[in-house]
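We're numbering straight along the sequence, starting at 1. Owing to the predicted nature of the structure, the values given are computational and were not obtained by experimental measurement. The basis for the numbers below is simple: all heavy atoms, side chains too, and nothing from hydrogens, waters or symmetry mates.
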Amino acid sequence: MQKKQDFKLLFFVAFTQLKDKKTQTIVATSGVAFGIAIFIFLLSCVKGINDYITELSLAQYPHVRLFTESQVSEQSVMDKVFPNQENKLFHAKPKVSLQYLKNGNVATREIANNPTVMAVSASIKAQVFFNVGPTKTTGELIGIDYVNENKLMDIDDKVLAGNQQELDIRPNSLIMGKALAERLNLNIGDKFIVSTAEGQKYTSTLSAIIKTGIPEKDKTLCYASLKTVQNILQVPPSYISDINIKLIDRKEAAAYAMQLTATYGYKSSDWLKDNPFLFEGESLNRIIFYGIAGSILLVAGFGIFNILNMMIYEKMKDISIIKAIGFMDKDVRSIFMIQALSIGFAGSILGLLTGLMLSWGMTFIPYESDLFVSLDHFPMRFNINYYIFGFFFGLLTTALAGYLPSRKAAQLDPISILRG
């Protein structure tokens, strides 16, 4: 019973001092809140931007890609003529053949029936020249089935101008990346010449302009219908060079790519293989992210420590009076620990709420960009771990800031303090 009364007395003295020194209490609490709020806000902002850029980059690539490529024949003409001899052939040339997926349309239909597949699209890639007057620019022409490609790459969300639906309706119509259209000085409805390396020329019309958010890709990207590109390359209707696949769970991409290679004999790749530099950069971003978080906490911690430290040293006369009327050293430490933890608790809660409101407010700010995709809100990451860590960091910092000075203050002689 006596211990309970002593504890109540310590609480009474601690909160009486906090109320008596309202300005100091408000400044100390605000310092804790400010440090935690800035920590929450900056981490949400940095992580949100990093995650957005990563997802934006990954969205430009299929999860699994099936393709074919030029190969050197395993058996040379010399091996056929002299089968029983050891033949050495230097600088062998690849086989001259059409680079297409045999029975690719059949494979596309079978893959589309897999329940783990979200979207699949067959395509043809061709390196061409775009001619507008004296201007001649290289680019990549991709023949697609628009409905399937839209499910795969969300083209509709990237259209800036024009009617993308004309791709499958209007012959020789093209969809072009914003940077490429600006380089050629083309507007919707303009006509221009598309020529191949073999010299064939075709008159095309610009039907729509898109912006993927990847500047380098927008400088060369151009979509056409499968039939248009097949006509330009003068290949049969069954000719496709790539099959792009989007899975429900992209983590299964590597295993599924190997399965498709074993089934159809095509070359395959997955999003991890196609983006090695992106994930090397992500590791570096993670190091920078934790470095920023540590720096913010260090600065906030020093600020909180200094504020509480000064607050306790300004109460030296209060300490001497408390000790003079019979309080023991441990009572003095307890009083100031109660004050420090109370300020830490109130400041941390206020800081978490302030950080949450700042982060939430940023989601209403639109982001306009000529290079990246424009957003109707700023990308922020709301992670409960940031708030938990920020709360306990505030308590820990204020506990240390209260304990170290109060331990020293409890050992002071009250008579010497009162004498000045």
Has [X] got more than 12 heavy atoms of other residues, nucleotides or ligands less than 6.0 Å from its [atom1]?
| X | atom1 | answer |
| --- | --- | --- |
| Tyr61 | OH | no |
| Asn185 | CG | no |
| Phe34 | CZ | no |

Does [X] reach the side chain of [Y], with side-chain heavy atoms less than 4.5 Å apart?
| X | Y | result |
| --- | --- | --- |
| Phe192 | Ser204 | yes |
| Gln200 | Ile232 | no |
| Thr205 | Asp190 | no |

Self-check item: Rounded distance (nearest 0.5 Å) linking atom NZ of Lys102 with atom OG1 of Thr68
Solution: 9.5 Å

Quiz item: Can you tell me how far the CG atom of Leu352 sits from the CD1 atom of Ile388, to the nearest 0.5 Å?
Solution: 10.0 Å

Quiz item: So which pairs with a foot in residues 119-133 pass side chain to side chain donor-acceptor pair (under 3.5 Å), sequence neighbours left out?
Solution: Ser121-Glu149, Asn131-Ser195

Quiz item: Going by the salt bridge (Lys or Arg N to Asp or Glu O under 4.0 Å) test, which pairs reach into residues 224-246, not counting sequence neighbours?
Solution: none

Exercise. Evaluate the ring planes of Phe389 and Phe393, with Trp represented by its six-membered ring, and classify them as parallel (under 30°), tilted (30 to 60°) or perpendicular (over 60°).
Key: parallel

Exercise. Give the intermediate values and the outcome of side chain to side chain donor-acceptor pair (under 3.5 Å) for residues Ser225 and Asp168.
Key: CA-CA 6 Å; Ser225 67; Asp168 288 333; 5.1 Å; no

